[in-house]
Amino acid sequence: MTDPEKKAAEYAHAFAARRPRSRLGLVAAARGADALAAVGGEGPVHYDNDTAKFSAVVRDWERRFGARVVALGSAILHLSVAAPPARKEDALLLAAEHFAFCPDTIWQGPHPHTLAAYAERITGAHHWEFRWD
């Protein structure tokens with residue numbers, strides 16, 4: 001696994017370069033996943049307004065994939081990923097998790113809108129983006 005903090009710093013740098021008008025916010029939380037619940041954002045409000053549930057999922061991804069919260073908006077979440085799935089079978093299982101976490105990622109992403117197609121897109125991907133509309 002690539003060092004999660006190093007991968008997060010690389011992605012944060014690239015993220016900021018592509019979005020120079022982004023602003024930094026500091027959250028009193030032990031880890032990025034806990035920041036989701038601490039700020040109590042409304043991102044997933046159309047699906048569930050308990051941000052602690054979403055925080056728990058991201059905490060699990062921190063452990064399993066070296067995921068780190070890089071950016072959080074009102075309805076968007078950007079994660080860096082140090083150890084993305086490399087095998088198609090593992091990516092398909094993760095695609096189902098992503099769909100449960102944020103269906104719009106599949107429904108409103110690039111065509112075709114299938115778990116298999118999404119699994120191909122996240123295989124080896126070092127960043128994940130979730131949007132709730």
Side-chain angles (χ1 to χ4, degrees):
M1 177 188 299
T2 304
D3 177 45
E5 278 66 37
K6 181 179 177 188
K7 186 55 71 178
E10 290 170 2
Y11 182 56
H13 180 72
F15 180 90
R18 286 190 313 274
R19 296 168 181 87
R21 299 183 67 110
S22 296
R23 297 294 177 251
L24 177 66
L26 300 176
V27 179
R31 57 203 295 177
D34 296 343
L36 301 176
V39 299
E42 295 182 2
V45 75
H46 297 296
Y47 298 100
D48 193 324
N49 62 0
D50 184 356
T51 54
K53 292 177 185 177
F54 293 87
S55 179
V57 172
V58 174
R59 194 175 309 116
D60 181 60
W61 292 340
E62 286 177 343
R63 181 185 58 78
R64 291 169 44 216
F65 302 103
R68 298 295 185 264
V69 174
V70 171
L72 176 64
S74 62
I76 191 166
L77 171 64
H78 295 271
L79 301 177
S80 66
V81 184
R87 296 178 341 130
K88 184 178 179 179
E89 298 81 10
D90 297 331
L92 188 57
L93 294 171
L94 181 61
E97 289 182 40
H98 283 197
F99 182 76
F101 182 76
C102 180
D104 291 345
T105 299
I106 311 296
W107 290 336
Q108 296 179 16
H111 288 280
H113 301 297
T114 66
L115 286 179
Y118 180 75
E120 286 183 29
R121 291 193 293 274
I122 62 171
T123 300
H126 286 279
H127 66 275
W128 301 334
E129 178 181 307
F130 301 95
R131 291 181 182 271
W132 293 272
D133 289 327

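Checked by atom type and distance alone, the side chain of Ser55 pairs as donor or acceptor with a backbone atom of Ala33 at under 3.5 Å. Arg19 contributes no side-chain N or O that, together with a main-chain N or O of Ala17, makes up a donor-acceptor pair within less than 3.5 Å. Side-chain atoms of His78 never come within 3.5 Å of backbone atoms of Val70 as a donor-acceptor pair (strictly under, hydrogens ignored).
Looking at Glu62 and Arg68, no side-chain N of the basic residue comes within less than 4.0 Å of a carboxylate O on the acidic one, giving no salt bridge. One finds a salt bridge joining Glu129 and Arg131 here, because a Lys/Arg side-chain nitrogen approaches an Asp/Glu carboxylate oxygen to under 4.0 Å.
Shown here for Ala119 and Ala91, the closest heavy-atom pair between the two residues is O-CB, 3.5 Å. Considering every non-hydrogen atom in both Asp133 and Asp104, the closest pair reads N-OD2, 2.7 Å. Residues Pro84 and Ala125 come closest through the heavy atom pair CB-O, 3.0 Å. Among all heavy-atom pairs drawn from Ala30 and Asp34, the shortest one is CB-OD2, 4.1 Å. Here the closest non-hydrogen pair linking Ala38 and Ala28 is CB-O, 4.3 Å. Pro4 and Gly66 make their closest contact through CB-O, 3.6 Å (heavy atoms, listed as atom of the first residue, atom of the second, distance).
Within the 4.5 Å cutoff, the side chain of Phe101 has heavy atoms near those of the Trp132 side chain. Val27 places none of its side-chain heavy atoms less than 4.5 Å from the side chain of Leu36. A 4.5 Å side-chain heavy-atom check between Leu94 and Trp61 finds at least one atom pair inside the cut-off. The side-chain heavy atoms of Val58 and Leu77, taken from C-beta on, include a pair separated by under 4.5 Å.
No chain of hydrophobic side-chain contacts below 4.5 Å, direct or via other Ile, Leu, Val, Met, Phe, Trp or Tyr residues, connects Phe15 to Val39. The same ILVMFWY cluster, assembled from side-chain heavy atoms under 4.5 Å apart, contains both Leu115 and Trp107. A chain of hydrophobic side-chain contacts below 4.5 Å, direct or via other Ile, Leu, Val, Met, Phe, Trp or Tyr residues, connects Trp128 to Ile106.
Note: His127 and Tyr11 have parallel aromatic rings, judged against thresholds of 30 and 60 degrees for the angle between ring planes.
Around NE2 of His113, the count of heavy atoms belonging to other residues, nucleotides or ligands within 6.0 Å exceeds 12.
Once rounded to the nearest 0.5 Å, the distance linking CD1 of Ile122 with NZ of Lys88 reads 12.5 Å. From Arg87, atom CZ reaches atom CG of Leu93 across 9.0 Å, with rounding to the nearest 0.5 Å. In this structure, CD1 in Ile76 is found 10.5 Å from CZ in Phe130, a value given to the nearest 0.5 Å. In this structure, OG on Ser80 lies 8.5 Å from NZ on Lys7, to the nearest 0.5 angstrom. Atom CZ in Arg64 sits 9.5 Å away from atom CG in Asp90 (nearest 0.5 Å).
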